[in-house]
There are 4 protein chains.
Amino acid sequence: MTDHDLEIDELMDGDELTDKQKKIIVSAIESFAEKGFSATSTSEIAKKAGVAEGTIFRHYKTKKDLLLAIVAPVMAKFVAPFIIKDLQKVLHQDYEHFEDFLTAMLLNRRDFLVKNLSTVKILVQEIPFHPELKELFKEHIALKVYAQFIKLVEHYQAKGQIMDIPAYSVFRMTFSTIFGYLIARYMILPEADWDDEAETERTIQFIMHGLAGPNHSKK
Amino acid sequence: MTDHDLEIDELMDGDELTDKQKKIIVSAIESFAEKGFSATSTSEIAKKAGVAEGTIFRHYKTKKDLLLAIVAPVMAKFVAPFIIKDLQKVLHQDYEHFEDFLTAMLLNRRDFLVKNLSTVKILVQEIPFHPELKELFKEHIALKVYAQFIKLVEHYQAKGQIMDIPAYSVFRMTFSTIFGYLIARYMILPEADWDDEAETERTIQFIMHGLAGPNHSKK
Amino acid sequence: MTDHDLEIDELMDGDELTDKQKKIIVSAIESFAEKGFSATSTSEIAKKAGVAEGTIFRHYKTKKDLLLAIVAPVMAKFVAPFIIKDLQKVLHQDYEHFEDFLTAMLLNRRDFLVKNLSTVKILVQEIPFHPELKELFKEHIALKVYAQFIKLVEHYQAKGQIMDIPAYSVFRMTFSTIFGYLIARYMILPEADWDDEAETERTIQFIMHGLAGPNHSKK
Amino acid sequence: MTDHDLEIDELMDGDELTDKQKKIIVSAIESFAEKGFSATSTSEIAKKAGVAEGTIFRHYKTKKDLLLAIVAPVMAKFVAPFIIKDLQKVLHQDYEHFEDFLTAMLLNRRDFLVKNLSTVKILVQEIPFHPELKELFKEHIALKVYAQFIKLVEHYQAKGQIMDIPAYSVFRMTFSTIFGYLIARYMILPEADWDDEAETERTIQFIMHGLAGPNHSKK
DNA sequence: TATGAATGAGCTTTCATTCAT
DNA sequence: GATGAATGAAAGCTCATTCAT
């Protein structure tokens, strides 16, 4: 988990972080992910980061600001590439079949998840308790990702690749399956012995068949 | 959420709960679900329950004991009926098709979830932070539910109703989809306007087609 | 200063104060008077009172609440007797001359001041910084004492004992002189060698002649 | 209050103050007057002054040094003209009557007070808490002003203009009345609608009659 | 059984001050 | 001379827990 978190610079781009600031972020991510936001004390973060406790509050006015500073960029980064790059490829026929898009998305988001495991964990765990996070989430995921995905689904439905059911059901089932896989793989049983290639393939096939419906020989 | 939580007596059966004890449990469930275990103070629970702070500790030695007293029975109840009743029905041909079993399970577990929304929410949210909960979860879910489900899957695979893929993949995909639905329906967007019957049907169909694989005309 | 402060029970009547609570009040009065509210730490008060710091906050939600709990009753007690008892005496001819009333008031308020030296000191010192105190002060002193005093002045002006100048000027000059005396006597130079009787007499005479104006032989 | 405080250069003469230094002083005066010394943080002063926190400590080794740098010159200036100029006038028959001297003093000190309202406020409020200030005060006021005033009183007593009472009582009563007026006028009710000329006249008359005693037709 | 005063450790945050740049 | 990042002590306050009543 630790080795993946060295992407902080990349994640917090734009801001020039001091050395101590980076250490604070790294330590906070580690502790928040492990014990949760509320159960983590700032003194613990300071100690782990090797800075004085006051230093944390020089950079982040409150503990919650520190949380937001960690979690907000992840949300932005999660959405950004998904939408801009991949979606345009789809609409410009780069992915002729829904399956191709699905595969690309799963792999792409998996890489992101793996790189930002702890941070995503924090995000998922804290969202229920912080209205600000909920708001951010709605803005980014709900409005952007969802809206784009719906268009996409309708595109493939028109092509006859997806059954004629409401697009939001497609959205729900697709994401349930994908995130169900990623959560099981990286959060619940990360230490198990996974055959990633086979599991990915099976997951994609499950979704494809599930969405294709009863009358189809091959996609 | 509140009206569903009056099942406490039923959930905590066996123990004779005093009136105050019940109020404590109800208040704790409410606060834990809303703000999380760590962010909830015992004094807050006491105030909401209308009891003295000391009273909580007369019944539950520590705050964590209170959490366990809330969450443990839910875990037991969640598993119990699933295993004993439903499974035997399956093995005794009560459910000839996997689809029938799936439908029964989804409806059954949905009722349970609705009745115990807050408590399940607490369970899900706190599991990552409490080894004791993880342990309980493994005992109940992992060992009992999983083991039984696997047998079941193999039963239907033998009948040709389910594709020939590892049973644990079937388990993962099935539960992802079902819980994805229930979480979306009751936790993420409970206030949305759901057509429960249709959604349930679609979800079942999605799983069925997903698991049946490419070569099948009708289930 | 310490021996005068044992009047706490009397001052805080109505509330049944626990033993620790009394100790907290006494310690707080001592420290607030000596170093000022802002410069006094709650840990210091706790130590002096021989209680845990948490105990302070069990009884007074904030440090400022503690200040108000100390200062508010003093304000009430200061005003109460002045108005009710003395004033009625005046209006019922108990004090035929303004001088008699003045003497009674000075002695009466001097006793009060001596008994509540520290607390009054706190009140005077903190009023400029706390709007709540200003408000309390306006309510009690401005509205009650001032209003009653004005009536009184007009009463004696009608009798020809006081010069014909605005009553508020009489109020200001009278209180300036009296409190100027009390402040010098008990706050600025308490350790000097005062001939109280003579000083009191001189102060009264100063006010009487000052208010009688140029044309008078003897009061 | 703000427009009067621009006299800093005049007050701090001798020292060449940098631009930043002036801003620090102005900001500190404003905050100290409003919230008190202890309740004002150096960071707040720095922010208001538009300088870095460190800059304050480059010029004033400690926060208390900053207080002294503000308050000490006021004390000196308050005393200086009073003594040197006015007193000599008196002794050289410039003021034949005590009343003339009183009037001159009241007007003169009123101007000073108005010009240095905030700073005087700080001085008055902080004196009880800082032995250094008490010491300065004793040196300047007690020893210089008091000593000179006593001589003056005896001068006018010899002329029969002031009753034969101890000079220190005259001092006390005179200053109580004058400062009582100035405090009421400029600190307690600055926003009220004052007829300054009339009030000044009344105040002088009050003192004159008060000190003249019973047997006098006209001054 | 139930209370609630009392605790002391620990919480988040602020503070005056230092010092390398 | 001016900066502002860094500090660590201490601030006000909250916490889970204990115990005499």
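As the structure is a prediction and not an experimental result, all values here were calculated from the model. Lettering of chains follows the sequences in order, A, B, ..., and the numbering in each one begins at 1.
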(request) Please check the phosphate of dG12(F) (OP1 and OP2 only) for any side-chain N or O of Ser43(C) closer than 4.0 Å. (result) no
(request) Write down the atom of Phe32(C), the atom of Lys63(C), and the distance for their closest heavy-atom approach. (result) CE2-CE, 4.4 Å
(message) Looking at dA5(E), I'd like to know if its phosphate oxygens (OP1 or OP2) sit under 4.0 Å from a side-chain N or O belonging to Thr18(C).
(response) no
(message) Of the listed nucleotides (dT17(E), dG12(F), dA2(E)), which one gets closest to any side-chain atom of Thr62(D)?
(response) dT17(E)
(message) Tell me the interatomic distance from Tyr60(D), atom OH, to dT18(E), atom P, rounded to whole angstroms.
(response) 17 Å
(message) Using OP1 and OP2 only, check whether a side-chain N or O of Lys64(A) sits under 4.0 Å from dT12(E).
(response) no
(message) Expressed as a whole number of angstroms, how long is the span from Ile56(B):CD1 to dT17(F):C1'?
(response) 11 Å
(request) Find which nucleotide of DNA chain E each of Glu53(B) and Thr40(A) is nearest to by heavy atoms, and output the residue with the more 5' nucleotide. (result) Glu53(B)
(request) Using whole Å, report how far CZ of Phe57(C) lies from C1' of dT14(F). (result) 10 Å
(request) Only one of Glu44(A), Glu30(A), Glu126(A) passes salt bridge (charged side-chain N to carboxylate O under 4.0 Å, His left out) with Lys35(A); say which it is. (result) Glu44(A)
(message) Tell me which nucleotide, if any, is Watson-Crick or G-U wobble paired with dG8(E) when both distances must be under 3.5 Å.
(response) dC15(F)
(message) Using heavy-atom distances to pick each residue's nearest nucleotide on DNA chain E, tell me which of Arg58(D) and Thr42(D) is more 5'.
(response) Thr42(D)
(message) Classify Gln21(C) by what it touches in the nucleic acid, base, sugar-phosphate, or nothing, heavy-atom distance under 4.0 Å.
(response) nothing
(request) In whole angstrom, give the distance that lies between atom NZ of Lys61(A) and atom P of dT14(E). (result) 9 Å
(message) What is the separation between atom CG on Asp65(B) and atom P on dT18(F), rounded to the nearest whole Å?
(response) 11 Å
(message) dT12(E), OP1 or OP2 - any side-chain N/O from Lys63(A) closer than 4.0 Å?
(response) yes
(request) Scan every strand shown for a Watson-Crick or G-U wobble partner of dT21(E), both distances under 3.5 Å, and answer none if you come up empty. (result) dA2(F)
(message) Does Ser38(D) reach a base, just sugar-phosphate, or nothing at all? Heavy atoms under 4.0 Å.
(response) nothing
(message) So if I take every side-chain heavy atom of Ala52(B) and compare against dT17(E), dT3(E), dT3(F), which nucleotide ends up nearest?
(response) dT3(E)
(request) Using distance alone, with no hydrogens and no angle criterion, decide if Thr42(C) and Glu53(C) have a side-chain donor and acceptor under 3.5 Å apart. (result) yes
(message) To the nearest 0.5 Å, what is the distance between OG1 on Thr40(A) and CG on Leu66(A)?
(response) 10.0 Å
(request) Figure out the NE2/P separation between His59(C) and dT14(F), and round it to whole Å. (result) 15 Å
(request) Just call it for Thr55(C): base, sugar-phosphate, or nothing, with non-hydrogen atoms closer than 4.0 Å on any strand. (result) base
(request) Whole angstrom is fine here: how far is it from CD1 in Ile45(D) over to P in dC15(E)? (result) 11 Å
(message) Quick check: closest heavy atoms across Pro128(C) and Gln125(D), and the distance to 0.1 Å?
(response) CB-NE2, 3.3 Å
(message) If I take atom NZ in residue Lys47(B) and atom C1' in nucleotide dA16(F), what distance separates them, rounded to the nearest angstrom?
(response) 15 Å
